[in-house]
Amino acid sequence: RAEISEPLPIPAPGSATWADLWAVVNVAPEYRDLCRGWLVSAAHSGAATPVLLMAGAQGAAKTTGMTFLGNLVDPVSTRGAREPKDISAWAALSTKSRIVRVDNVSRVQTWWADALCTTVTGGVEATRALYSNAGLHVARLYAAVILNGITLAGITRADLAERTVALEMQKPDVYRTEEDVAEAYESLRPGLLALILDDLVAVLADTEPTPEAGGLRMASFAALLARLDRQQGTQALCQYREVMARHEDEALEADGFASAILRLVERAPGGKWSGTYGDLLGAVASIRQELHTEHRHNYRSDWPESGTAASVWLTRREGLLWNVARIRVTKTRARVAGGKVRRVVRLESVNAAESESVHTSVHTEAGSVHPAGPDGPAEGGIVHIVHTSFTPERPDSPTKQGSVNDVNDVNALLLEMEDKVETDPSEGLDESREFVGVHSVHIVHIGPECDLCGGSPASPWSDGTADWTLCETCLGVASRAV
């Protein structure tokens, strides 16, 4: 423990509620369950916890919120540290605290972004021990981190953005004196700590499988939120998905080279472009000038200047390009003009219909193909499944129920049926497959993803002013909001 560490209070169950916390920490309502889950994760010393970013307008009491949230789990006598100047300063700061608070952050330099990623998931920083020639000093970097003073747009590294959660703080309706708020908070601390520990116990006692994290990088954190939702009836995972979707959009918009890639693919014939990394830099050079004219920004800090740098950039942001813009990045080696073998990158825009749908047809007799009906194929029919992207079965299925995420899940469902399934196991997932006797399972009904969290299945819904496609979880949240 550091010199600034202070003791935790004795937990007092029943003396406070979560509503009491939101009365002194101005977290926007749509982020409160996520904040609650973050506190539970921070209280679990073995859990990888994402960086918490205090976002909001001036006057939203972000520094006070950072102090209050951090002190619930790891109380200290100071309000927050200054931005570290090097990795040694960061190692000294992060090795003796469970929660590291950094206030008035102006920018996240490359070395610090790497250190933050390491601190979130766990790692070490090894340096030569002082006053020795061969001595080694090893600092273990593993802590929960709260940053205040920077917007998400200031975090240009995609890998750090994937490990960051931004909490939107709102201005209070009526400002209170610091002494009044601090006194109210201190009286609540024992009860709030009991609430956090109750949630942690419930999460640790839940050993049931959790939904797959999908595109969420912090899969363990997502699993913790899923268990919290299941045990306490919160909406933390749904809020996390929504926040991360917004993160990705903002991260891509803030990246000049990403914006240029998007325009390049949009203008390419058929939404497809290929060439060497040198060709890529040449192709986006004119777009860079367009962006400079539009936004008055030269994008020097995040614009690769060589083919190798462009390759590294694409590697770091490949997932981001797919999640936000459905741009598929394929890297290979090919023979180019002059007979030389060079590294080649292919950029392809995959439209929503191709990436979210599945094409099915029913063969009722040789040479005859008919569309699948709502109740599936006729008895004895053969279903020809062409695509490998599936959503869960319709809830009104008259027979077998189950979650279907890919072609392997389809195989598993069919094998559970009494009817025999004839399929060639040597075929790849991209190959067509014929299933015999699938009249016992209706054709999987494919729908779009949820507009808010990207989950499925989703169904149409209107709030009276706009039309949405929402999953069951988001539908409940939206209905209550309306």
Under the criterion side chain to side chain contact (heavy atoms under 4.5 Å, CB included), I'd like the reasoning laid out for E186 against R189: C-alpha separation, chi angles, the key distance, then a yes or no.
CA-CA 5 Å; E186 287 299 325; R189 279 182 61 202; 3.2 Å; yes

Mind running side chain to side chain contact (heavy atoms under 4.5 Å, CB included) on Q232 and V203 for me, showing each step along the way?
CA-CA 9 Å; Q232 308 292 51; V203 167; over 6 Å; no

Side chain to side chain contact (heavy atoms under 4.5 Å, CB included) for M54 and I146? Distances and angles first, verdict last.
CA-CA 7 Å; M54 310 300 288; I146 307 179; 3.7 Å; yes

Report the C-alpha distance between R263 and E266 in whole Å, list the side-chain angles of each, state the deciding distance to 0.1 Å, and finish with yes or no for salt bridge (charged side-chain N to carboxylate O under 4.0 Å, His left out).
CA-CA 5 Å; R263 292 195 184 185; E266 287 174 358; over 6 Å; no

Between T330 and R328, does the side chain to side chain contact (heavy atoms under 4.5 Å, CB included) criterion hold? Intermediate values first, please.
CA-CA 7 Å; T330 305; R328 180 185 294 128; 4.1 Å; yes

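Between Y142 and A48, the shortest heavy-atom contact is OH-N, 3.3 Å. Smallest separation of non-hydrogen atoms from G37 and L228: CA-CD2, 3.7 Å. Among all heavy-atom pairs drawn from L291 and S259, the shortest one is CD1-CB, 4.1 Å. The shortest heavy-atom contact between S41 and T49 is OG-OG1, 2.7 Å. Of all heavy-atom pairs spanning P29 and Q170, the tightest one is CD-OE1, 3.8 Å. Listed here is the closest heavy atom pair of L314 and L321: CD2-CD1, 4.0 Å.
In this structure, R246 contributes its side chain and E242 its backbone to no donor-acceptor pair below 3.5 Å. A donor-acceptor distance shorter than 3.5 angstrom exists from the side chain of D20 to the backbone of T17, with no hydrogens or angles considered. Using a distance-only test at 3.5 Å, with no hydrogens or angles considered, a donor-acceptor pair links the side chain of D229 to the main chain of A236. With hydrogens and angles ignored, the 3.5 Å screen pairs a side-chain donor or acceptor of R230 with a backbone N or O of E208. Counting only distance, with no hydrogens or angles, the side chain of D33 and the backbone of T234 share no donor-acceptor pair below 3.5 Å. Y240 places no side-chain N or O within 3.5 Å of a backbone atom of L34 that could act as its donor or acceptor partner. The backbone N or O of A42 sits less than 3.5 Å from a side-chain atom of R98, completing a donor-acceptor pair. Of the possible polar contacts, none joining the R101 side chain to the V145 backbone as a donor-acceptor pair under 3.5 Å is found. With hydrogens and angles ignored, the 3.5 Å screen pairs a side-chain donor or acceptor of R227 with a backbone N or O of D206. Side-chain N or O atoms of S97 include none that pairs as donor or acceptor with a backbone N or O of S94 at under 3.5 Å.
At least one side-chain heavy atom of T119 sits less than 4.5 Å from a side-chain heavy atom of W90. R79 places none of its side-chain heavy atoms less than 4.5 Å from the side chain of D103. In this structure, V329 and W322 have side chains that are not in contact, with every pair of non-hydrogen atoms separated by 4.5 Å or more. For the pair E162/P50, no side-chain contact is recorded, criterion being any heavy-atom separation below 4.5 Å from C-beta on. The side-chain heavy atoms of I261 and W313, taken from C-beta on, include a pair separated by under 4.5 Å. Two residues are said to be in side-chain contact when any heavy atoms from C-beta on lie closer than 4.5 Å; L39 and L21 meet this criterion. Here the side chains of T64 and E178 are not in contact, with every heavy-atom distance at 4.5 Å or above. Between V40 and H44, the closest side-chain pair of non-hydrogen atoms is not below 4.5 Å.
Under the side chain to side chain contact (heavy atoms under 4.5 Å, CB included) rule, L116 has a single partner from V102, T164, L160, which is L160.
Other residues, nucleotides and ligands contribute more than 12 heavy atoms inside 6.0 Å of the CD atom of Q109. Atom CZ of R176 has more than 12 neighbouring heavy atoms from other residues, nucleotides or ligands inside a 6.0 Å radius.
Annotation: cation-pi geometry not satisfied between R36 and W38 (NZ/CZ under 6.0 angstrom from ring centroid, within 45° of ring axis). No cation-pi contact links R32 to W18, judged by a cut-off of 6.0 Å to the six-membered ring centre and 45° from its axis.
L167 CG to Q239 CD: the interatomic distance, rounded to the nearest 0.5 Å, is 9.5 Å. Going from atom CZ of R163 over to atom CE of M218 covers 7.5 Å, rounded to the nearest 0.5 Å.
At a cut-off of 3.5 Å, with distance as the only test, a side-chain donor of S106 or E83 sits close to an acceptor on the other residue.
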